[in-house]
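In what follows, a structure is listed as structure tokens, so that the remarks can point back to it.
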There are 2 protein chains.
Amino acid sequence: METKIFDMKNMKQYDEPANLLKALSHPVRLCIVRGLMRKKKCNVSFMQECLDMPQSTVSQHLQKLRSAGIVATERNGLEVNYILANERIAHIVTILLGEEDCEHE
Amino acid sequence: METKIFDMKNMKQYDEPANLLKALSHPVRLCIVRGLMRKKKCNVSFMQECLDMPQSTVSQHLQKLRSAGIVATERNGLEVNYILANERIAHIVTILLGEEDCEHE
DNA sequence: TCCTAATATCGTAATATTACGATATTAGGA
DNA sequence: TCCTAATATCGTAATATTACGATATTAGGA
């Protein structure tokens, strides 16, 4: 039982987590997630302004995060507010970015 | 100061972490990392056997993990043993895979 | 030195991701 | 209903990733 640790049979169990990470693994999306960890709630125009990139680009990144279940939306009139949907992700990003200043050049 | 939370100026700080995640975000590589978390040390042939895929494919995934600083190597004669190089990654993978059984369908 | 086992790299076709302008959708107000 | 602001989706060119056979490298033994 302990021999087949890298077993192909159980490979499918890694598809979901790998997709989660893939959705996270882009500087802009990481920045958005980090921002939402601090700001809690934010609409698209605000992000677009801060990030200084075309609206369609920002929106596409948001859709990618959304379909991975990382963020969720709340409509408020014309605005759509984004919030973090997944505490696990916040936890991971904390670990990922947290140690940055200690062990880096 | 608290307004520019998604600031483009600081975007570069996310490049490194995003690359780390990108290297991790593939089912085979996640499986390898998980395996190394348990087995501690493993050569390429063993992984190739377990994963049941061509040697060159396994080797390429290993190189990707290595150049991201996720794994390291130790030569032992003809064999090359791989080990985890990054505790932070192990921590992240634990969180990523740990909760799987609780909150999932 | 020659042979062979273990691993890494090259070449490349198929596929996925990215960025972004153009266009569509959606909702509130006049 | 018409107008407009906010956001999402489409289309697509440029680029990156993936898989894997073929070949190269590296090290130990005869």
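Chain letters run A, B, ... following the sequence lines, proteins first, then strands; residues in each count from 1.
Here the closest non-hydrogen pair linking A:Pro17 and B:Leu97 is CG-CD2, 3.4 Å.
Here the side chain of B:Ser25 pairs a donor or acceptor atom with the backbone of B:Lys22 at under 3.5 angstrom. A donor-acceptor contact shorter than 3.5 Å is absent between the side chain of A:Arg29 and the backbone of A:Leu62. A donor-acceptor distance shorter than 3.5 angstrom exists from the side chain of B:Asn86 to the backbone of B:Ile89, with no hydrogens or angles considered.
Within the 4.0 angstrom heavy-atom criterion, base atoms lie near A:Gln55. Heavy atoms of A:Gln63 sit under 4.0 angstrom from primed sugar atoms or phosphate atoms, though from no base atom. Contact annotation for A:Arg29: backbone-only contact, meaning every heavy-atom pair under 4.0 Å involves sugar-phosphate atoms and none involves a base.
Side chains of B:Thr73 and B:Arg66 form a contact here, defined as non-hydrogen atoms less than 4.5 Å apart.
Atoms NE2 and OG1, on A:His61 and A:Thr57 in that order, are 6.5 Å from each other to the nearest 0.5 Å.
Closest-nucleotide positions on DNA chain C for A:Gly77 and A:His26 were compared, and the one nearer the 5' end corresponds to A:His26. Toward the 5' end of DNA chain D, the nearer of the two residues A:Ser56 and A:Lys22, judged by each one's closest nucleotide, is A:Ser56. Between A:Gln60 and B:Met53, the residue anchored closer to the 5' end of DNA chain D is A:Gln60, taking for each the nucleotide with the nearest heavy atom.
When the side chains of ILVMFWY residues are joined at heavy-atom separations under 4.5 Å, either directly or via intervening members, A:Ile95 and B:Leu96 end up in a single hydrophobic cluster.
Nucleotides of DNA chain D that come within less than 4.0 Å of any heavy atom of chain A span, from the 5' end to the 3' end, D:dA5 to D:dG11.
Figure legend: cation-pi geometry between A:Lys39 and B:Phe6 absent, as NZ or CZ is not positioned both under 6.0 Å from the six-membered ring centre and within 45° of its axis.
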Give DNA chain D the dot-bracket treatment, 5' to 3': Watson-Crick (N1-N3 with N6-O4 or O6-N4) or G-U (N1-O2, O6-N3) under 3.5 Å, [ ] crossing, | other strand.
-> ||||||||||||||||||||||||||||||

